[in-house]
Participant: 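Before we start, here is the structure in question, set down as structure tokens.
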Amino acid sequence: MDNNEPSQAILTAISQIPFGCVTSYGEIAKRAGLPGHARYVGYILRNLPEQTNVPWHRVINSQGFISFPPNTEQHAEQRLRLQAEGISFSPTGKIKLSAYQC
DNA sequence: CCGATGACGAGAC
DNA sequence: GGTCTCGCCATCG
């Protein structure tokens with residue numbers, strides 16, 4: 001159903017992120033054919049079900065930080081998942097540039 | 001219908 | 001380089 005709208009395109013774009021890679025919201029929107037709709041991407045992800053084949057944890061903001069506030073399960077989980085893929089974090093919580101090599 | 005909010009980005013100062 | 005403001009789309013009150 002084309003009614004799936006860009007939301008499906010965004011999910012697809014995220015699922016296209018290779019292992020050990022991180023991408024920003026703007027980049028996802030751009031890949032989905034919606035340049036400038038970074039917020040729309042975040043909105044879709046927020047509606048994501050608990051079990052999904054979409055590597056949402058590889059999606060971060062352009063600042064290189066996890067968008068979730070600290071002390072939250074989602075923030076901790078995303079951090080653990082990224083570390084499990086070989087991605088490292090700075091003392092400030094920022095993702096190291098070595099993860100952007102893709 | 002209008003205003004406010006949200007896992008953001010980019011430009012302006 | 002840091003801070004502020006506007007813009008984008010969709011949903012909620």
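So you know, we letter chains A, B, ... as the sequences are listed, proteins then strands, and number each from 1.
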Participant: Consider the side chain of Leu45(A), meaning its heavy atoms from C-beta on, and name the nucleotide among dC8(C), dA7(B), dG6(B) that approaches it most closely.
Facilitator: dA7(B)
Participant: What is the distance, to the nearest angstrom, from the CZ atom on Arg81(A) to the C1' atom on dA7(B)?
Facilitator: 15 Å
Participant: In whole Å, I'd like the distance from the OH atom of Tyr43(A) to the P atom of dA4(B).
Facilitator: 18 Å
Participant: Give the rounded distance in Å between these two atoms: CD1 of Ile66(A) and C1' of dC8(B).
Facilitator: 15 Å
Participant: Any pair with a residue in residues 62-75 of chain A that passes side-chain hydrogen bond (donor to acceptor under 3.5 Å, both in side chains), sequence neighbours left out, goes on the list, sorted by first then second residue, please.
Facilitator: Tyr25(A)-Ser67(A)
Participant: Specify the separation, in whole Å, of atom CZ of Phe65(A) and atom P of dC8(B).
Facilitator: 14 Å
Participant: Heavy-atom distance under 4.5 Å between the side chains of Ile17(A) and Val59(A), does that happen here?
Facilitator: yes
Participant: Please tabulate, one pair per line, each protein N/O and nucleotide N/O from nucleotides 9-13 of chain B that are separated by under 3.5 Å, including the distance.
Facilitator:
{"residue": "dG9(B)", "atom": "OP1", "partner": "Ser62(A)", "partner atom": "N", "Å": "2.9"}
{"residue": "dG9(B)", "atom": "OP2", "partner": "Ser62(A)", "partner atom": "N", "Å": "2.9"}
{"residue": "dG9(B)", "atom": "OP2", "partner": "Ser62(A)", "partner atom": "OG", "Å": "3.1"}

Participant: How far, in whole Å, is dC6(C) from dG3(B) if one measures between their P atoms?
Facilitator: 15 Å
Participant: From CD of Glu77(A) over to P of dA7(B), roughly how many Å is that when rounded to an integer?
Facilitator: 16 Å
Participant: Quickly work out the Asn47(A) CG to dC12(C) C1' distance and round it to whole Å.
Facilitator: 12 Å
Participant: Starting at atom CD1 of Ile10(A), determine the distance to atom C1' of dA7(B), rounded to an integer number of angstrom.
Facilitator: 12 Å
Participant: Which residue pairs pass the side-chain hydrogen bond (donor to acceptor under 3.5 Å, both in side chains) test when at least one of the two sits in residues 9-18 of chain A, sequence neighbours left out?
Facilitator: none
Participant: Name every donor-acceptor pair, under 3.5 Å, that has one atom in a side chain of residues 26-33 of chain A and the other anywhere in the protein, sequence neighbours excluded.
Facilitator:
none

Participant: I'd like to check the side chain to side chain donor-acceptor pair (under 3.5 Å) partners of Glu77(A); sequence neighbours left out, ordered by chain and number.
Facilitator: Arg81(A)
Participant: Taking only residues two or more places apart in sequence or in another chain, which ones pass side-chain contact (heavy atoms from CB on, under 4.5 Å) with Thr52(A)?
Facilitator: Leu48(A), Pro49(A), Val54(A), Trp56(A)
Participant: For dT5(C) versus dA4(B), give the span between their P atoms, rounded off to a whole number of Å.
Facilitator: 15 Å
Participant: Just the rounded figure in Å: distance from P of dG1(C) to NZ of Lys94(A).
Facilitator: 10 Å
Participant: Is Phe89(A) reachable from Phe68(A) through a run of hydrophobic residues whose side-chain heavy atoms are each under 4.5 Å from the next?
Facilitator: yes
